[in-house]
Amino acid sequence: MPEPEDTSTGLFIKYLSNNRIFRDREVLRHSYRPQILPHRQPQIDNVASILAPSLRNETPSNILIYGKTGTGKTASVRYVGSELEKASSKMGTTCRIVHLNCEVIDTQYRVLAQIAKCIDDGIDDAASDKTKSHIPMTGWPTDQVYAELKNQLDAGGGVLVIVLDEIDKLVKKSGDDTLYNLTRINSDLKNSKVSIIGISNDLSFKDFLDPRVLSSLSEEEIVFPPYNAPQLVDILTQRATGAFLDGAIAEGVIPLCAALAAQEHGDARRALDLLRISGELADRDESRQVSEEHVKQAQAKIETDSMIECIATLPTQSKLILFSMLTLEQMDQNIFTSGEVSRVYQDIAPSIQLDILTHRRITDLISELNMLGVINTRVVSRGRYGRTKEMWFDANTNKIREVVLKDPRLNGLKDLDINQMEAKWLKTWFR
DNA sequence: AATCCACAGGAAGATTAGGATA
DNA sequence: TATCCTAATCTTCCTGTGGATT
């Protein structure tokens, strides 16, 4: 009997020892907060100038911040926030920042409770046992939470800046009551002040807001434009020095990552992912350098990964349609018409107790698959033989098949006898 | 030029699921 | 808990159509 420890160490050790690429790959993760944010100085200065009055114990204007994902909104605000707290403790004023991600904290109750909790934690060391967290995670009526929050704020004094990240999610899920109450809270406070920073990547969310809330929330608006390719190069270069060992990246790698990500909305997060995955690929095949080839592989990997993800979340019916197309493909057809697909579909649907959708519906689902980029379609006219829509895959069909069969309701199709089906179809309608 | 295939895809109504509300 | 509302899903019915064949 071999010692289990030995084998497992042996299993992993070889992957740990050849470390020729990364110095610290955490630097490339989304959660990493760099000290310097290239090309965001104007926005940072802007936020700072708006928040500055809080150091004189005056209420700063509320701010709304817009920008696509990966444009540095959150990072910039966090940076300004931490600088502000530093400055305030140096100057002896009370000035606190609470950062909430509304994708996670998405109800009025939880927002209020979370704010209260954050203030509490901050005061904790000063007045340790007196102000303990009063508000339970659930159970109180909302107005009581609101009142309790006011008490805590007034007790603490100073200025509180509330950052509502992904504020559009909050509005979509639970309406604008929360925002209404928060913007109004200043008039109920005697001893302290509140200012709100809303961060959104959806410009249209304003439409859901009460005009009064909107006007008070957007006293100041700041837009974070997407990065262009040269700017992304700067960002990647900065991170790469921390993340990679010297000389681990080939010449054109960073510009390539930047260019690919710039095409795709100038998303810095995407660019960093690309660089990190390129690095991981290089690491895995024991290269000593990340090459442009690795970047291309990484790009392909990200693409298929997101497609796999997309397919996995498709409704069962769409998956069955995909499976029908896969079946046709196994019968060495590369291009299928909507008629063929729906005939195959209608034949296998009953065998797994799925109700049969009409042809009309199937055409809609097929166009949907086309929109998602899982398949390609094209309308063709074959003269006397009618007008139809042709479709084909251009991705790895084995991967797709694998994912489709993971659906528990399609499990029975795993060992479908293609030959038998083909023979049957040939007899009835094929060609 | 007329015909006619094999569908595309619009319109509108029916059904269903989920969620709010009383 | 029953009921109502709404959005999403699905069906029915329909008109339109490019071009090989007649």
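A note on names: the letters A, B, ... follow the listed sequences, proteins ahead of strands, and every chain is numbered from 1.
DNA chain B lies under 4.0 Å from at least one heavy atom of each of the following residues of residues 382-393 of chain A: A/Gly383, A/Arg384, A/Tyr385, A/Gly386, A/Arg387, A/Thr388, A/Lys389.
Look at A/Ser381 and you won't find any side-chain N or O under 4.0 angstrom from OP1 or OP2 of B/dC7.
Using a 4.5 Å heavy-atom cutoff, the side chains of A/Val159 and A/Leu51 are not in contact.
Aromatic pair A/Tyr66/A/Phe224: ring centres not closer than 6.0 Å.
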Protein-nucleotides 9-11 of chain C N/O pairs closer than 3.5 Å?
unit_1	atom_1	unit_2	atom_2	d
C/dC10	OP2	A/Arg361	NE	3.1
C/dC10	OP2	A/Arg361	NH2	2.9
C/dT11	OP1	A/Ile356	O	3.4
C/dT11	OP2	A/Thr358	N	3.0
C/dT11	OP2	A/Thr358	OG1	2.9

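The side chain to side chain donor-acceptor pair (under 3.5 Å) test applied to A/Thr183 returns no partner, not counting sequence neighbours. Shown here are the side chain to side chain donor-acceptor pair (under 3.5 Å) partners of A/Thr377, two or more places apart in sequence or in another chain: A/Asn370.
Relative to the six-membered ring of A/Tyr227, A/Arg40 meets both conditions, a distance below 6.0 Å and an angle of at most 45° to the axis. Annotation: cation-pi geometry not satisfied between A/Arg29 and A/Tyr32 (NZ/CZ under 6.0 angstrom from ring centroid, within 45° of ring axis).
Comparing the local axis fitted to the first five base pairs of the helix from B/dA1-C/dT22 to B/dA22-C/dT1 with the one fitted to its last five gives a bend of 10°, rounded to 10°.
In this structure, A/Gln346 atom CD and B/dC7 atom P are separated by 11 Å, rounded to whole Å.
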Before giving the answer on salt bridge (charged side-chain N to carboxylate O under 4.0 Å, His left out), spell out for A/Lys68 and A/Glu264 the whole-Å C-alpha distance, their side-chain angles and the decisive distance to 0.1 Å.
-> CA-CA 11 Å; A/Lys68 297 254 171 63; A/Glu264 192 116 24; over 6 Å; no

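With salt bridges taken as basic N to acidic carboxylate O contacts below 4.0 Å, none links A/Asp347 and A/Arg343.
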Please list, one pair per line, the donor and acceptor atoms closer than 3.5 Å that link side chains of residues 267-274 of chain A to other protein atoms, with sequence neighbours excluded.
unit_1	atom_1	unit_2	atom_2	d
A/Asp267	OD1	A/Arg269	N	2.8
A/Asp267	OD1	A/Arg270	N	3.3
A/Asp273	OD1	A/His30	NE2	3.0
A/Asp273	OD1	A/Arg276	NH2	3.2
A/Asp273	OD2	A/His30	NE2	3.4

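Taking the six-membered ring for Trp and thresholds of 30 and 60 degrees, A/Phe244 and A/Phe22 have nearly parallel ring planes, at less than 30 degrees apart.
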